[in-house]
K.L.:
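Here it is: the structure, laid out below.
Every value quoted in this text rests on a predicted model; they were computed, and no experiment measured them. Proteins come first, then strands; the chains are lettered A, B, ... in the order of their sequence lines, and each starts at number 1.
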Amino acid sequence: MAFDKMELRDIEVWDGNFAAAQAMRQVQIDVVAAYPITPSTPIVEGYAKFLADGYVEGEFVMVESEHAAMSGCIGAAAAGGRVATATSSQGFALMVETLYQSSGMRLPIVLNVVNRALAAPLNVNGDHSDMYLGRDSGWIQLDAYSPQEAYDLNFIAFKVSEDHDVRLPCMVHQDGFMTSHTAQGVKTFTDEVAYDFVGEYKPMNDMLDLDHPVTHGVQTEEDWHFEHKARQHNDLMTKVMPKIQEVFDAFEELSGRKYNIVEQYDMDDADVAVVCMGTSVETAREVAKEMRAEGIKAGVVGIRVLRPYPFAQIIEALKDIKSIAALDRSSPNGAPGMLFNELAGALYNTDSKATLSGYVYGLGGRDLTKAHLTDLYKELQANADAGKVLTPLQQFIGVRGPKLTFL
Amino acid sequence: MSEIKKIKNLKEFSTSADRFEGANLLCPGCAHSIIVREVLNATNDDLILSAATGCLEVCTAVYPYTSWDASWIHIGFENGSTAVAGAEAMHKALKRKGRLKQDRDPKFVSFAGDGASYDIGFQWISGCFERGHNMMHVVLDNEVYANTGGQRSSSTPIGSSATTSPAGRISYGEKKNKKDMLAIMAAHGSPYVAQVAPNKWKNMIKAIQHGFEAEGPVFINAMSACTTEWKFAPEDTIAISDLATDSLVFPLYEIIDGQKLNITYRPKNVVPVEEYLAAQGRFKHLFKDQYKYLIKEWQERVDQKWDYLQRREEASV
Ligand SMILES: Cc1ncc(C[n+]2csc(CCOP(=O)(O)OP(=O)(O)O)c2C)c(N)n1
Ligand code: SF4
Ligand SMILES: [Mg+2]
């Protein structure tokens, strides 16, 4: 082979960006087309440096915009090879058109999304606005809460996305700065083990199979469009979750690290639960433990797979809970939060008598503190005791000025 | 090394095996299809093609049918060039890694309208050319957004009536001159840019073959007479195209390495611009007394440009 392997220590101290870049190196991507934006830039830079040092053999196309980055990824993926890129925030927003195009064209592409707020006002810090913007785009969305998970979920993403029964692009999310720029111990694979887990790319409908020309990206109107969209939705609803579970299992066997479609912490005997994503999960886990000393049986549910939406797993995780909080880190802009709505949608036709309240927090990188969560758990306990929501249904946490509440 | 097709005469050309089927939904008399056939027929090499959203795309790949017997991709309106660039990058990567299914080097060609090239897709094309992908970008230049019903583009010429710059009681239609894309693309350092027209098919095939031989991104601006938006009878496509090239409204020339301009077609008898304009409904209002000065100005502009092209050719720059 014309490129060098890299010797890694069993545990490296990496931030989430570098962990993702290392995973991208180890799976030997054929084409990366990318454009820099804070806070995902170091992924693109890291990959460029691997190339400059002779550690990757594929093509690195430094394009002129994120829209072009995903357009190039689509062309490369249709040509028939392993493809990935990374972005955040405004770059993600600029890509939106091509996100729908890539998933509708059933092309496996991995996109590392380092979550960041959306302007205006311009803000470089982490929140989940970009992640939420992608949720109807037909992509699979996996959420990493730490650098280790950003590393691990990349391998899982390639394996799921490239599976011939799936053939759908996949995002791996991590929180801007809190994960992307915070160095932690990351357990590594050797280059061989990492590559073998994902396996060789198996082309399908590849344009470069010159003896078998294919047409990609056709026109369909009212006669066929609905069937195409319905088929894609059907595959997301029925094929993707079992495949993710299968790959999670294989990954656990290889690494001993267990991932779940919906993560549950201290949920076995919990009365009250916080449902959230990203780095907030870790904070909530700590606070939940502390609440138990105060007699509140607190638990945490982390959404690992945001799309397809884990409807059944959510119902299962929350079935015995008396009081639930949905934590949304994106401005709902005139509606209840996305998690609030989707939890309500999951629980509505079940026997659950749980109360459900929504909290909007952390916009533009604002901290979610342990004190915030302590207060929140106390509100949940009060709701559980009363059997109804005693607070407004939507509250903003940690925002200046008089308390903002709605509904 | 690419394999150039030897074509002696029009009969041979029109009966030559096609990788673009006549079965498509383009208007009868649409020049897009003639141009595409001429490009594809210029080589025997494998082809990886793209089309930007526009008439060509919506008329040739309507599920479950396709008119393309070569690999083809459409993503959107602005990014057809980058689609092909991505495929070209993948070809390079797989070749280096020894994973090509057939060890052959295809030609990479993106087709796009003037809207998709001069306007919305301009940045994508500029990026592809700056990066130096080995590809050819062919503009099907009908000087209007035809697919969506005839809105102006930055290729729409002054005085033309388009639906977003209509002629009216107090307006003569489009107010801006056509953008000089050839100069812009030559300035990118492209090894070869050329303006071609389907009626001058030998000239065109020579240009395309020159482009296929070149290393790097090649830009072709192909005049595409549009029966629907230019408003002429479908059987007159070639006659209108002849008026365009012979009046020098569409001069045919090439620029090599951004440095050397050659005129590739010199009409024996130059026809007045007025004849070209008079043959098309989109210019009908210019023949009212109040706007006749525009026809005169147009003739002056065409003369000036021709003079400029000749001076550049003579000076070999
Ligand atoms: C992002 C985006 N904006 C607008 C459109 C609508 N649209 C589709 S094709 C087209 C015009 C195409 O014009 P041109 O590129 O000149 O091609 P032609 O149809 O004239 O061959 C427009 C405006 C679109 N599909 N996508
Ligand atoms: S509208 Fe014009 S460009 Fe479009 S198919 Fe008809 S003739 Fe061709
Ligand atoms: Mg046009």
K.L.:
For the backbone of A:Val218 and the side chain of B:His74, can you confirm whether one donor and one acceptor N or O come within less than 3.5 Å of each other?
P.N.:
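Not a single qualifying donor-acceptor pair exists.
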K.L.:
Examine whether an atom of B:Glu88 lies under 4.5 Å from a heavy atom of chain A, and if so say whether it belongs to the side chain, the backbone or both; otherwise answer neither.
P.N.:
neither
K.L.:
Give a yes or no answer on whether the side chain of B:Gln102 reaches the backbone of A:Leu210 with a donor-acceptor pair at less than 3.5 Å.
P.N.:
yes
K.L.:
Would you indicate whether the side-chain heavy atoms of A:Tyr201 and B:Arg99 approach each other to under 4.5 Å?
P.N.:
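Side chain of B:Arg99 against side chain of A:Tyr201, heavy atoms only: contact under 4.5 Å found.
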K.L.:
At a heavy-atom distance under 4.5 Å, which candidate from B:Ser50, B:Ala83, B:Ala87 has the highest pair count against chain A?
P.N.:
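So the answer, after comparing B:Ser50, B:Ala83, B:Ala87, is B:Ala87.
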K.L.:
Please find the pair of heavy atoms, one from A:Glu64 and one from B:Trp124, that lie closest to each other, and give the distance.
P.N.:
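Scanning both residues, the minimum pair turns out to be OE2-CA, 3.3 Å.
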K.L.:
Under 3.5 Å, is there a donor-acceptor pair between the side chain of B:Ser71 and the main chain of A:Pro213?
P.N.:
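No, the answer is negative, given that no donor and acceptor are paired below the 3.5 Å cut-off.
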K.L.:
What's the separation between atom CE in A:Met70 and atom CD1 in B:Ile75, rounded to the nearest 0.5 Å?
P.N.:
10.0 Å
K.L.:
Please look at B:Glu130 and chain A and tell me whether the side chain, the backbone, both or neither of the residue comes under 4.5 angstrom of a heavy atom of that chain.
P.N.:
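Looking at B:Glu130, nothing touches chain A.
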K.L.:
May I ask you to name which of B:Ala70, B:Gly76, B:Gly98 has the most heavy-atom pairs under 4.5 Å with chain A?
P.N.:
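Going by pairs under 4.5 Å, I would pick B:Ala70.
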K.L.:
A:Gln219 and side-chain contact (heavy atoms from CB on, under 4.5 Å): which single residue from B:Thr60, B:Thr53, B:Val58 fits?
P.N.:
B:Val58
K.L.:
Would you say B:Thr66 and A:Thr215 are linked by a side-chain donor-acceptor pair, where the criterion is simply a distance under 3.5 Å?
P.N.:
yes
K.L.:
Quick one: what part of A:Met105 sits under 4.5 Å from any heavy atom of chain B, side chain, backbone, both or neither?
P.N.:
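Looking at A:Met105, just its side chain touches chain B.
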K.L.:
What's the verdict on side chain to side chain contact (heavy atoms under 4.5 Å, CB included) for B:Lys101 and A:Asp211, showing C-alpha distance, side-chain angles and the deciding distance?
P.N.:
CA-CA 9 Å; B:Lys101 286 186 180 167; A:Asp211 294 335; over 6 Å; no
K.L.:
I want to check something: taking the side chain as every heavy atom from C-beta on, are B:Pro64 and A:Trp224 in contact at a cut-off of under 4.5 Å?
P.N.:
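Result yes, sub-4.5 Å side-chain heavy-atom pair found.
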K.L.:
Do B:Tyr63 and A:His225 have ring centroids that are under 6.0 Å from one another?
P.N.:
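Ring centroids of A:His225 and B:Tyr63 are no less than 6.0 Å from each other.
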K.L.:
Of the non-hydrogen atoms in B:Gln123 and A:Ser65, which two are nearest, and what is the gap between them?
P.N.:
NE2-CB, 3.3 Å
K.L.:
Counting only heavy atoms closer than 4.5 Å, note whether B:Asp46 contacts chain A via side chain, backbone, both or neither.
P.N.:
side chain
K.L.:
For B:Pro106 and A:Leu208, which heavy atoms make the closest approach, and how far apart are they?
P.N.:
CG-CD2, 4.4 Å
K.L.:
Using only heavy-atom distances, determine whether the side chains of B:Asn79 and A:Glu97 contain a donor-acceptor pair under 3.5 Å.
P.N.:
no
K.L.:
Using atom types as modelled and distance alone, determine if a side-chain donor or acceptor of B:Arg131 lies under 3.5 Å from a backbone N or O of A:Val61.
P.N.:
no
K.L.:
Applying salt bridge (charged side-chain N to carboxylate O under 4.0 Å, His left out) to A:Asp30 and B:Lys97, what does each step give before you reach the verdict?
P.N.:
CA-CA 9 Å; A:Asp30 297 310; B:Lys97 295 184 180 195; 2.8 Å; yes
K.L.:
Hey, which of A:Cys73, A:Gly104, A:Ala77, A:Ala79 has the most heavy atom pairs under 4.5 Å with chain B?
P.N.:
A:Ala79
K.L.:
Please report the closest heavy-atom contact between A:Ala78 and B:Ile73, naming both atoms and the distance.
P.N.:
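In terms of heavy atoms, the two residues are closest at CB-CD1, 3.6 Å.
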